[in-house]
Amino acid sequence: MDPHKRSATTEVIDEREQVLAKGRYGTDTGGYTRMLEAGRRFADRTWAVEGCAGIGRHVAQRLLADGETVIDVPAKLSARVRVFDTGQGRKTDPVDAHSVAVAGLRSPALRQVQADDTAVVLRLLVQERGDRTTPASG
């Protein structure tokens with residue numbers, strides 16, 4: 001996945017780097033939900049997200065909260081893959097998403113992302129607040 005502030009471009013590849021699916025999704029609730037549903041069509045999946053300590057942090061933490069496995073692909077690694085794969089450094093979101101997917105597949109030592117304790121606490125507080133403000137049915 002090539003994440004941005006308002007969108008994320010994804011590409012699903014198999015073990016032979018054959019493209020199985022592509023997509024561009026908003027980072028709002030609806031877009032994220034559609035992206036997650038599209039990814040969950042593939043049973044054996046790992047989300048390779050570029051820059052999980054930076055621009056990709058938010059979406060990576062959301063995926064973790066939803067029980068997904070996420071690995072962090074450093075931007076320098078995906079840039080290297082892009083240059084070797086295309087023979088040039090031309091950047092587009094689909095090309096970047098492909099480079100992140102290939103780097104994630106071919107680099108077994110990449111860091112698996114862990115849930116950020118602060119994000120977990122904030123999520124629990126938001127859920128608790130929502131529970132208190134939602135009228136009880138009955």
Side-chain angles (χ1 to χ4, degrees):
M1 172 188 311
D2 179 35
H4 295 279
K5 187 175 182 178
R6 292 201 165 96
S7 69
T9 303
T10 63
E11 182 174 281
V12 179
I13 59 174
D14 65 14
E15 64 280 349
R16 295 174 321 225
E17 299 179 20
Q18 298 299 308
V19 178
L20 304 176
K22 296 180 181 188
R24 183 178 176 99
Y25 304 92
T27 55
D28 61 345
T29 301
Y32 172 78
T33 300
R34 285 187 292 279
M35 181 186 72
L36 186 60
E37 288 170 354
R40 286 184 170 167
R41 289 187 2 231
F42 302 93
D44 186 25
R45 67 186 169 276
T46 297
W47 296 80
V49 178
E50 185 178 65
C52 291
I55 192 74
R57 181 176 183 266
H58 180 69
V59 71
Q61 290 297 315
R62 286 174 83 177
L63 288 165
L64 287 173
D66 285 322
E68 298 295 314
T69 301
V70 180
I71 56 173
D72 183 16
V73 177
K76 286 184 178 183
L77 178 59
S78 61
R80 216 174 298 143
V81 170
R82 183 179 62 249
V83 170
F84 288 130
D85 193 43
T86 64
Q88 38 127 336
R90 187 170 149 254
K91 286 180 58 68
T92 67
D93 292 343
V95 168
D96 286 352
H98 179 75
S99 299
V100 172
V102 171
L105 178 67
R106 298 294 177 209
S107 305
L110 291 176
R111 177 181 73 89
Q112 185 170 335
V113 180
Q114 302 299 313
D116 177 3
D117 291 340
T118 303
V120 170
V121 169
L122 288 173
R123 190 176 314 100
L124 290 172
L125 288 171
V126 168
Q127 285 175 336
E128 176 67 21
R129 181 173 183 248
D131 290 346
R132 290 178 186 229
T133 59
T134 304
S137 60

Asker: Give me the one residue out of V70, V12, L63 that meets side chain to side chain contact (heavy atoms under 4.5 Å, CB included) with M1.
Answerer: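 Only one option passes, and that is L63.
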
Asker: Looking at residues at least two apart in the chain, or sitting in another chain, which of them share a side-chain hydrogen bond (donor to acceptor under 3.5 Å, both in side chains) with T10?
Answerer: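 For T10 there are no side-chain hydrogen bond (donor to acceptor under 3.5 Å, both in side chains) partners, ignoring immediate neighbours.
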
Asker: Dump the intermediate steps for side-chain contact (heavy atoms from CB on, under 4.5 Å) on L36 and W47, then the final yes or no.
Answerer: CA-CA 10 Å; L36 186 60; W47 296 80; 4.2 Å; yes

Asker: Side chain of T27, backbone of K5: donor and acceptor closer than 3.5 Å?
Answerer: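 Answer holds: yes.
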
Asker: Shortest non-hydrogen contact from P3 to G56?
Answerer: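 Looking at all heavy atoms of both residues, the shortest contact is CG-CA, 3.6 Å.
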
Asker: Are any of the side-chain heavy atoms of D96 and T9 separated by less than 4.5 Å?
Answerer: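 No - every pair of side-chain heavy atoms lies 4.5 Å or more apart.
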
Asker: With a cut-off of 3.5 Å and sequence neighbours excluded, list every side-chain donor-acceptor pair involving residues 106-115.
Answerer:
unit_1, atom_1, unit_2, atom_2, d
R106, NE, E17, OE2, 2.8
R106, NH2, E15, O, 3.0
R106, NH2, E17, OE2, 3.4
S107, OG, A103, O, 2.9
R111, NH2, D72, OD2, 3.2

Asker: Where is the tightest heavy-atom contact between G31 and Y25, given as atom of each residue plus distance?
Answerer: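 Distance-wise, the nearest heavy atoms are O-CB, 3.6 Å.
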
Asker: Are L64 and M35 grouped together when hydrophobic residues (ILVMFWY) are joined by side-chain heavy atoms under 4.5 angstrom apart?
Answerer: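 Yes, L64 and M35 fall within the same hydrophobic cluster.
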
Asker: Tell me which pairs pass salt bridge (charged side-chain N to carboxylate O under 4.0 Å, His left out) where either residue lies in residues 30-43, with sequence neighbours left out.
Answerer: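 Residue pairs with at least one partner in residues 30-43: R40-E68.
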
Asker: Is there a chain of hydrophobic side chains (I, L, V, M, F, W, Y, each step under 4.5 Å between heavy atoms) that links I13 to I71?
Answerer: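 Result: no, two separate clusters.
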
Asker: Quick test of your reading: applying salt bridge (charged side-chain N to carboxylate O under 4.0 Å, His left out), list the pairs with at least one residue in residues 21-33, sequence neighbours left out, ordered by first then second residue.
Answerer: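 As it turns out, the salt bridge (charged side-chain N to carboxylate O under 4.0 Å, His left out) pairs with a partner in residues 21-33, which skip direct neighbours, are R24-D93.
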
Asker: Let me check something: do I55 and V59 share a hydrophobic cluster, defined by ILVMFWY side-chain heavy atoms less than 4.5 Å apart, either directly or through other members?
Answerer: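 No, I55 and V59 fall in different hydrophobic clusters.
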
Asker: Filter on salt bridge (charged side-chain N to carboxylate O under 4.0 Å, His left out), then keep only pairs touching residues 46-56, sequence neighbours left out; what's left?
Answerer: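 Non-adjacent pairs meeting salt bridge (charged side-chain N to carboxylate O under 4.0 Å, His left out): zero.
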
Asker: How far does CZ of R82 sit from CG of D2, to the nearest 0.5 angstrom?
Answerer: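 Output value for this atom pair is 9.0 Å.
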
Asker: How would you list, by chain and number, every residue that makes a salt bridge (charged side-chain N to carboxylate O under 4.0 Å, His left out) with R6, sequence neighbours excluded?
Answerer: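 So R6 forms no salt bridge (charged side-chain N to carboxylate O under 4.0 Å, His left out) with any residue.
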
Asker: V81, V19: one ILVMFWY side-chain cluster at the under-4.5 Å cut-off?
Answerer: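 Yes: a chain of side-chain contacts under 4.5 Å links V81 to V19.
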
Asker: Would the distance check show the side chain of Y32 and the main-chain N or O of R62 forming a donor-acceptor pair, the cut-off being under 3.5 Å?
Answerer: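 Checking the backbone N and O of R62 against the side chain of Y32, a donor-acceptor pair under 3.5 Å is found.
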
Asker: Please report the closest heavy-atom contact between S78 and S99, naming both atoms and the distance.
Answerer: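 Closest approach of S78 to S99, heavy atoms only: O-CB, 3.3 Å.
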
Asker: Any idea which heavy atoms bring A101 and E11 closest together, and the distance?
Answerer: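 Closest approach of A101 to E11: CB-O, 4.0 Å.
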
